[in-house]
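A short worksheet on the structure shown next.
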Amino acid sequence: VFLPQAALSALKAGQVLDTDPITGITVSVAQTSLNVDGKQLLVLIHEGQSFRRLYGYDRQSGMLAYFGETSQDGVSTVQVQLRLTGFSGR
């Protein structure tokens with residue numbers, strides 16, 4: 001998954017991109033970047049009442065390089081983290 005570099009550079013820390021008035025789910029830009037393998041990633045936060053998802057994008061390539069999710073299910077908390085460790089192709 002990619003976002004155009006121009007779109008990433010237009011995003012500002014803390015900026016709210018969307019809020020659903022019915023579900024209360026928001027999409028925003030994190031206040032701070034995320035450091036993964038020495039790269040500073042721009043982070044989009046997709047957050048609802050029982051979950052929080054982080055999407056970390058490489059600012060130079062626009063490539064999605066990190067995904068993290070924390071969700072609440074009753075008394076249980078589930079955490080998932082995925083990160084890009086390499087790719088091949090063009």
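By convention here, the first residue in the shown sequence is residue 1.
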Might you point out which heavy atoms bring A13 and Q31 nearest each other, and give the distance in Å?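 Shortest heavy-atom separation between A13 and Q31 comes out as CB-O, 3.6 Å.
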
Q40 versus S33, closest heavy-atom pair with distance: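 Smallest heavy-atom distance, with atoms named: OE1-OG, 2.6 Å.
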
Return a table of donor-acceptor pairs under 3.5 angstrom between the side chains of residues 57-64 and protein atoms on other chains or two or more places apart.
unit_1 : atom_1 : unit_2 : atom_2 : d
D58    : OD1    : Q60    : N      : 2.7
D58    : OD1    : S61    : N      : 3.0
D58    : OD2    : K39    : NZ     : 2.7
S61    : OG     : M63    : N      : 3.1

Looking at side-chain heavy atoms only, is the closest gap between L17 and S28 below 4.5 Å?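 Counting from C-beta outward, L17 and S28 never come under 4.5 Å.
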
Can you check whether T70 reaches V78 side chain to side chain, under 4.5 Å on heavy atoms?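 T70 does not reach V78 side chain to side chain.
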
Look up atom CG in L8 and atom CZ in F2, then write down how far apart they are to the nearest 0.5 Å.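 Answer for the CG-CZ pair, L8 versus F2, is 11.0 Å.
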
Using only atom types and a distance under 3.5 Å, with no angle test, would you say the side chain of Q72 pairs donor to acceptor with the backbone of S76?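 Present.
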
Checking L44 against L3 for the side-chain contact (heavy atoms from CB on, under 4.5 Å) test, could you report, in this order, the C-alpha distance in whole Å, the side-chain angles of both residues, the deciding distance, and whether it holds? CA-CA 11 Å; L44 297 183; L3 284 178; 4.0 Å; yes

Donor-acceptor side-chain pairing of T26 and E47 below 3.5 angstrom: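 There is no such pair between these side chains.
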
Taking only residues at least two apart or on different chains, which pairs with a member in residues 33-54 satisfy ring pair (Phe, Tyr, Trp, His ring centres under 6.0 Å)?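 Those involving residues 33-54 are H46-F51.
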
Remaining members of L41's ILVMFWY cluster at a side-chain heavy-atom cut-off under 4.5 Å?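 L34, V36, V43, I45, L54, Y66, which link up through side-chain heavy atoms under 4.5 Å apart, make up the rest of the cluster.
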
Is there a side-chain contact (heavy atoms from CB on, under 4.5 Å) between F67 and Q81 once you walk through the steps? CA-CA 6 Å; F67 171 79; Q81 290 187 358; over 6 Å; no

In this structure, are over 12 heavy atoms from other groups packed under 6.0 Å from D20 atom CG?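 Result for CG/D20: enclosed.
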
